[in-house]
Number of protein chains: 2
Amino acid sequence: MTDLVRIPPNLQAVADAAGVHRSTASRALNPATRHLVAGDVAGRIIETARQLGYRRDAIAASLRTGRSRLVGVVVPDIANPVFGPILRGIESALASAGYSCLLANVGRDEAEQMRLVEELMERRVDGLILATARKDDPVLGACLDAGTPTVLVNRAEERERASAVVSDDRAGMILAVRHLASLGHRRIGHLAGPQDLSTGALRREGFVAAIRQLGLADENAWIEAAAYTREAGEVAAAEILSRFDVTAIAAANDLLALGAYRAVAARGLRCPADISIVGHNDMPLVDMVEPPLTTIRISHLRMGEEAARLLLRGIESPGSKPERIVTEPELVRRASTAPPR
Amino acid sequence: MTDLVRIPPNLQAVADAAGVHRSTASRALNPATRHLVAGDVAGRIIETARQLGYRRDAIAASLRTGRSRLVGVVVPDIANPVFGPILRGIESALASAGYSCLLANVGRDEAEQMRLVEELMERRVDGLILATARKDDPVLGACLDAGTPTVLVNRAEERERASAVVSDDRAGMILAVRHLASLGHRRIGHLAGPQDLSTGALRREGFVAAIRQLGLADENAWIEAAAYTREAGEVAAAEILSRFDVTAIAAANDLLALGAYRAVAARGLRCPADISIVGHNDMPLVDMVEPPLTTIRISHLRMGEEAARLLLRGIESPGSKPERIVTEPELVRRASTAPPR
DNA sequence: CGATTTTGTGCAATCGATTGCAGCGATCTT
DNA sequence: AAGATCGCTGCAATCGATTGCACAAAATCG
């Protein structure tokens, strides 16, 4: 009855109990090296380990091997519905390869971001996934300088110094504008996202390109929202409505689109009767809002999975070329868009 | 120019460069032990470390100290909007205490849950936060047996063998039913959550209690949904509508409530004109659905923060009594409830 | 049957930081 | 002035697993 505070068995204890050397026990317990040990001996060791309730110490193993099987995941806001699916995709792909996620939630403050990444490095993460990239991201620079394999997800840089998994934001916005044009809209405004993010900039580019391609009026009818939030969307949408004579708004993001719903209502207009609105992302629940939001669907889950896979490849074979995976967005027609009156 | 693959400096290197012993460098670099070192020497060491770009190896430190400053966080589904805020609360509270989150997303399979927790233990987490607890949870049992400080969040067990942070689910549902009764509803149904979860069971209890307190009809007018999803909600709500003659439905969860919207529409009824519906959680966006959902608000962010704080306390002072924090839910009136016709 | 290869196990160094203990010189006490 | 105290630094053990190398025993070959 002296096991009140039982000291957990280590490899030495297992080896002693099985009557072999530490090193033999280590080999027997590791599937990758098990073939070096005689079958019966390995069996005995494994059984002894089980009986003693032996649990491998990943920390000690990491110290010796230099690999932590840990990946740092940096997101701008876990509470934002689009990052949930991304995170889940990352987590599941990593878990099935024996890696775990170290989660870091960061604000927009760059110094803070640096501090957090630094802390992840101290923990000797084998790699990093950043969902926070700006168009020219100093944090990414720091990761690369440190020689840590890094992958961007959702947002990317312009230059390709790191692997990235993104949606084709430009094409997505073109899809949105074409849809509006096909309904008969000729005067379309763009509720743009923050221009220092690739999503914001590329979707705006897509907007301009689509307007030109289709020979529509005023490729400059866009306003940049201060952030990807409903509140910022409402403010910017109000400005679009007051400054431009448009019948439709293509928003860079679903939250912005929902903000636009408010601005439209505030002016006594109705969607889609007076103003059509199309979003971007197809977040959970936007099919239930009123009117159900027409939007551009992005598979965030798959993006997360692909990012994890890319990172794992980068970890296995260091020095491999950066790769870019671009997923195809898709138009989801609901009820927030209709022909102009 | 031989620093192509520069070997990162360790403590020894810093000590050598500063002309002191490893141990002195260690003490100087650690704020908690810095006072043991002469001011000028400490300054020199810190400066040398900075110049060399020294980065402390948390793995090695963990091995020596036995503390990893890592907390395992187990959630049932990161993509579910309620867990985002919880996670953010946990992360921010932990981060400000120097701890990081190891994220594990698990399904309902118990063996898989055990495997994942086992893996977290191998990584020598200092504590665990489970958002997955069932009413009698074997996984929690395993954590407790292993002597790992563990805190439950959002869902709890009946017996108090571990600290927990939950909403007052019973009171929340009473709030919902009273609200309906105050509008004049007398025949109310309950769209219950899974009964093996504390949230599902307690909210149902609250429903029964409220019906009795208010002297209303049929405390048995409830159906259990198979899961907290819109689909399961739609199925169960359809059954309620076909089996009971009710004018209102109190749902155990917002997603279930949204499923009920569908079921109501499918029967050619309207909400709230024909059937009032109240949800639970106040998830993001439920204020934008049609009709805007009347629901019970729970501060998931704060729950996450409190859980982290409780865990930190448990880590600091092992063997302390389990504690339970119950947050007060609040009714949010929107447009899905109205007087019966 | 001797020589050679194969197979299996043990030995000991190693990863990098932390910390109890001892020792040294300087200051303080009586 | 001898002894006690204090502040600072160095020494060396330690955490637990992994792995290159050496070596012995067994198996194979000519």
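Just so we're on the same page: letters track the sequence lines, and every chain starts at 1.
- Distance from the side chain of B:Arg22 is smallest for D:dA13 among the nucleotides D:dA13, D:dT19, C:dT19.
- Ion pairing between B:Arg115 and B:Glu118 fails under the 4.0 Å rule for side-chain N and carboxylate O.
- Side-chain N/O atoms of B:Ser26 include none lying less than 4.0 angstrom from OP1 or OP2 on C:dA17.
- For A:Ser23, no side-chain nitrogen or oxygen approaches OP1 or OP2 of D:dT18 to under 4.0 Å.
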Classify every nucleotide of nucleotides 23-28 of chain D by which part a protein heavy atom approaches to under 4.0 Å, writing B for the base, S for the sugar-phosphate alone and - for neither, in 5'-to-3' order.
-> ------
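- Nearest-nucleotide positions on DNA chain C place A:Ala38 closer to the 5' end than the other of B:Asp57 and A:Ala38.
- Look at CG on B:Leu11: it is 6 Å from C1' on C:dA17, rounded to the nearest Å.
- Among the heavy atoms of the strands lying under 4.0 Å from B:Arg56 are primed sugar atoms or P, OP1, OP2 only; no base atom is included.
- Atom CD1 of B:Ile59 and atom CG of A:Leu70 lie 7.0 Å apart (nearest 0.5 Å).
- Of the candidate nucleotides D:dT9, C:dC11, D:dT18, C:dC11 has the atom lying nearest to any side-chain atom of A:Arg27.
- In this structure, B:Leu29 atom CG and D:dT9 atom P are separated by 14 Å, rounded to whole Å.
- For the pair B:Arg34 CZ and C:dT19 P, the interatomic distance rounds to 15 Å; values are reported in whole Å.
- Separating the CD atom of A:Gln12 from the P atom of D:dT14 is a distance of 13 Å, rounded to the nearest angstrom.
- Between the B:Arg44 side chain and the B:Ala18 main chain, a donor and an acceptor come within less than 3.5 Å of each other.
- The CD1 atom of A:Ile59 sits 12 Å away from the P atom of D:dA17 (whole-angstrom rounding).
- Atom-to-atom, CG of A:Asp40 to P of C:dT7 comes out at 16 Å; the value is rounded to the nearest Å.
- Between D:dT9, D:dA17, C:dG10, one nucleotide has an atom nearer to the side chain of A:His21 than all others, and that is C:dG10.
- The side-chain hydrogen bond (donor to acceptor under 3.5 Å, both in side chains) contacts involving residues 16-25 of chain A comprise A:His21-A:Ser23, A:Ser23-A:Arg27, where partners must be two or more places apart or lie in separate chains.
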A:Gln113 vs A:Val74, side chain to side chain contact (heavy atoms under 4.5 Å, CB included): CA-CA, chis, key distance, verdict = CA-CA 9 Å; A:Gln113 291 190 9; A:Val74 184; 5.9 Å; no
Is there a side chain to side chain donor-acceptor pair (under 3.5 Å) between A:Arg123 and B:Ser100 once you walk through the steps?
-> CA-CA 10 Å; A:Arg123 293 194 185 273; B:Ser100 299; 3.1 Å; yes
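- Note: CG (A:Leu63) to P (C:dA17) measures 9 Å, nearest angstrom.
- One interatomic measurement links the two molecules: CG of B:Asp16 to P of D:dC11, which rounds to 12 Å at whole-angstrom precision.
- A:Glu316 and A:Arg313 are not joined by a salt bridge, as no carboxylate oxygen comes within less than 4.0 angstrom of a charged side-chain nitrogen.
- In the region residues 42-54 of chain B, proximity to DNA chain D at under 4.0 angstrom, judged on heavy atoms, holds for none of the residues.
- Annotation: the span from B:Leu63 atom CG to A:Ser62 atom OG amounts to 10.0 Å, rounded to 0.5 Å.
- Looking at B:Glu306, its side chain never comes within 3.5 Å of a backbone N or O of B:Val165 through a donor-acceptor pair.
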Where do B:Ile90 and B:Cys101 land on the side chain to side chain contact (heavy atoms under 4.5 Å, CB included) test, with the steps shown first?
-> CA-CA 8 Å; B:Ile90 292 174; B:Cys101 286; 4.0 Å; yes
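- Taking for each of B:Val37 and B:Ala60 the nucleotide of DNA chain D with the nearest heavy atom, the 5'-most of the two is the partner of B:Val37.
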